Undergrad: 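Dropping a structure here in structure tokens format, bear with me for questions.
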Amino acid sequence: MKSSKEHHEKIAKMTFASVYPHYVAKLEKKGRTRQELHQVIEWLTGFNEHQIFKHIEENSTFEEFFKQASIHENARYITGVICGYRIEEIENELTRNIRYLDKLVDELAKGRKMEKILRSGQ
């Protein structure tokens, strides 16, 4: 699936605060916790819980959110399909980072072990 410039711009302008409650609801419905979500976000971005909530308060766009993030070096091992896109084929860096986060949340919701989600054995 090929994504367009318009698609990249649309998701770049989405706010982290607008998506965060959906992540929480999805995970809590599957018996996972907000704390586990924060662990995954911190691993991917380097943001601690205080920084996560600051981005929510400030209504940061995904572009702003990921501009300030320090993407984990093992994020490149996140592969597969999410939202119809094969992550490793996404050329736009911001879109790929957003899809990394989506994939990690999806893996958490599916009950995958945290060590696997955080690519600890890589």
Side-chain angles (χ1 to χ4, degrees):
M1 187 181 278
K2 186 107 169 108
S3 53
S4 66
K5 181 180 179 198
E6 292 79 23
H7 172 80
H8 295 304
E9 290 173 0
K10 180 181 174 187
I11 65 173
K13 290 185 173 122
M14 288 176 61
T15 64
F16 176 70
S18 70
V19 177
Y20 178 82
H22 298 286
Y23 289 153
V24 172
K26 178 179 186 172
L27 294 174
E28 288 180 345
K29 189 167 85 171
K30 297 291 186 171
R32 301 308 286 253
T33 66
R34 186 181 302 246
Q35 217 38 53
E36 289 173 308
L37 171 61
H38 290 183
Q39 186 178 353
V40 166
I41 294 171
E42 183 172 350
W43 177 85
L44 179 64
T45 65
F47 295 139
N48 62 33
E49 189 169 61
H50 173 75
Q51 292 167 311
I52 292 167
F53 284 122
K54 188 169 188 239
H55 280 288
I56 292 169
E57 276 179 30
E58 293 176 354
N59 221 23
S60 298
T61 64
F62 271 118
E63 184 173 29
E64 295 163 340
F65 181 81
F66 280 105
K67 195 175 278 186
Q68 295 176 30
S70 298
I71 300 300
H72 195 283
E73 64 182 10
N74 287 349
R76 66 182 184 270
Y77 297 116
I78 302 169
T79 60
V81 177
I82 190 76
C83 301
Y85 295 93
R86 180 153 289 287
I87 294 173
E88 55 271 32
E89 295 176 0
I90 299 173
E91 293 178 11
N92 182 285
E93 182 181 6
L94 175 60
T95 301
R96 188 175 53 246
N97 289 338
I98 295 166
R99 296 304 180 206
Y100 281 158
L101 181 56
D102 291 341
K103 183 70 170 176
L104 294 175
V105 170
D106 198 46
E107 290 176 355
L108 194 56
K110 288 180 178 175
R112 197 164 191 208
K113 292 185 179 191
M114 192 60 78
E115 305 82 57
K116 295 266 188 198
I117 296 170
L118 303 182
R119 280 45 182 188
S120 299
Q122 302 296 333

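Given the structure is predicted, the values throughout are model-derived calculations rather than measurements.
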Undergrad: If only atom types and distance count, is the side chain of Q51 paired as donor or acceptor with the main-chain N or O of N48 below 3.5 Å?
TA: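 Confirmed, Q51 side chain pairs with N48 backbone.
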Undergrad: Out of curiosity, Y85 OH to I98 CD1, how far, rounded to the nearest 0.5 Å?
TA: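 It is 11.5 Å, given to the nearest 0.5 Å.
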Undergrad: For a quick test of reading the model, state the closest non-hydrogen atom pair linking I117 to E107 and the distance between them.
TA: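 Closest approach of I117 to E107, heavy atoms only: CA-OE1, 3.8 Å.
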Undergrad: List the residues meeting ring-ring contact (aromatic ring centres under 6.0 Å, His included) with F66, not counting sequence neighbours, and say none if there are none.
TA: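 ring-ring contact (aromatic ring centres under 6.0 Å, His included) check on F66 returns nothing, list empty.
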Undergrad: Of the non-hydrogen atoms in I78 and R119, which two are nearest, and what is the gap between them?
TA: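 Looking at all heavy atoms of both residues, the closest pair is CA-NH2, 3.5 Å.
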Undergrad: Would you mind checking if D106 and R112 are paired as a salt bridge, meaning a charged N to carboxylate O distance below 4.0 Å?
TA: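 Result for this pair is no, no salt bridge flagged.
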Undergrad: What is the distance from atom CD1 of I82 to atom CG of D102, rounded to the nearest 0.5 Å?
TA: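 Output value for this atom pair is 5.5 Å.
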Undergrad: Do the side chains of K10 and E6 get close enough for a salt bridge, i.e. N-O under 4.0 angstrom?
TA: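 No.
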Undergrad: Checking F65 against V19 for the side chain to side chain contact (heavy atoms under 4.5 Å, CB included) test, could you report, in this order, the C-alpha distance in whole Å, the side-chain angles of both residues, the deciding distance, and whether it holds?
TA: CA-CA 12 Å; F65 181 81; V19 177; over 6 Å; no
Undergrad: When rounded to the nearest 0.5 angstrom, what is the spacing between OG1 in T95 and CD1 in I11?
TA: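 If we round to the nearest 0.5 Å, T95:OG1 and I11:CD1 are 3.5 Å apart.
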Undergrad: What closest approach, in Å, do A17 and N59 show between heavy atoms, and which atom pair accounts for it?
TA: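 Minimum heavy-atom separation between A17 and N59: CB-OD1, 3.4 Å.
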Undergrad: Quick check for you: to the nearest 0.5 Å, what is the distance between T45 atom OG1 and H38 atom NE2?
TA: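 So the OG1 of T45 and the NE2 of H38 are separated by 10.5 Å.
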Undergrad: Using a cut-off of 6.0 Å, state whether more than 12 heavy atoms not belonging to E93 lie near its atom CD.
TA: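 For E93, atom CD is not crowded (no more than 12 foreign heavy atoms under 6.0 Å).
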Undergrad: Would E89 and R99 pass as an ion pair if we require N to O under 4.0 Å?
TA: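 Salt bridge between E89 and R99, a charged N being under 4.0 Å from a carboxylate O: no.
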Undergrad: Only counting residues at least two apart or in another chain, list the ones meeting ring-ring contact (aromatic ring centres under 6.0 Å, His included) with H72.
TA: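 In terms of ring-ring contact (aromatic ring centres under 6.0 Å, His included), with neighbours along the sequence ignored, H72 is linked to W43.
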Undergrad: Please report the closest heavy-atom contact between H55 and E64, naming both atoms and the distance.
TA: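 Nearest heavy atoms, H55 then E64: CE1-O, 4.4 Å.
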Undergrad: Should the ring pair F53 and Y20 be called parallel, tilted or perpendicular, given that the plane angle runs from 0 to 90° and is split at 30 and 60?
TA: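 Perpendicular.
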Undergrad: Could you walk me through whether E49 and Q35 pass the side chain to side chain contact (heavy atoms under 4.5 Å, CB included) test, one step at a time?
TA: CA-CA 9 Å; E49 189 169 61; Q35 217 38 53; 3.3 Å; yes
Undergrad: Please give me the minimum heavy-atom distance between A75 and I71, naming the atom from each residue.
TA: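 Minimum heavy-atom contact is CB-CG2, 3.6 Å.
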Undergrad: Can you give me the closest heavy-atom contact between N97 and L44, atom names plus distance?
TA: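 Shortest heavy-atom separation between N97 and L44 comes out as O-CD2, 4.1 Å.
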Undergrad: Below 4.5 Å, heavy atoms only, C-beta onward: do K54 and F47 meet side chain to side chain?
TA: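 In short, these two side chains do not touch, never coming nearer than 4.5 Å.
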Undergrad: Output, in order, the C-alpha distance, side-chain angles, deciding distance and verdict of side chain to side chain contact (heavy atoms under 4.5 Å, CB included) for L94 and E63.
TA: CA-CA 7 Å; L94 175 60; E63 184 173 29; 3.9 Å; yes
Undergrad: Which value, rounded to the nearest 0.5 Å, describes the distance between Y100 atom OH and T79 atom OG1?
TA: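 Nearest 0.5 Å value for the OH-OG1 distance: 9.5 Å.
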Undergrad: Would L108 end up clustered with V81 when hydrophobic side chains under 4.5 Å apart are linked, directly or stepwise?
TA: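 No, L108 and V81 fall in different hydrophobic clusters.
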Undergrad: Quick one: pull up CZ in R32 and CD in Q39 and give me the separation to the nearest 0.5 Å.
TA: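 R32 atom CZ to Q39 atom CD measures 9.5 Å (nearest 0.5 Å).
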Undergrad: Could you list the residues that satisfy ring-ring contact (aromatic ring centres under 6.0 Å, His included) with Y23, not counting sequence neighbours?
TA: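 Y23 satisfies ring-ring contact (aromatic ring centres under 6.0 Å, His included) with no other residue.
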Undergrad: Do E88 side-chain atoms and G80 backbone N/O form a donor-acceptor pair below 3.5 Å?
TA: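 It does hold such a pair.
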Undergrad: Tell me, with the steps shown, if I87 and K103 meet side chain to side chain contact (heavy atoms under 4.5 Å, CB included).
TA: CA-CA 9 Å; I87 294 173; K103 183 70 170 176; 3.5 Å; yes
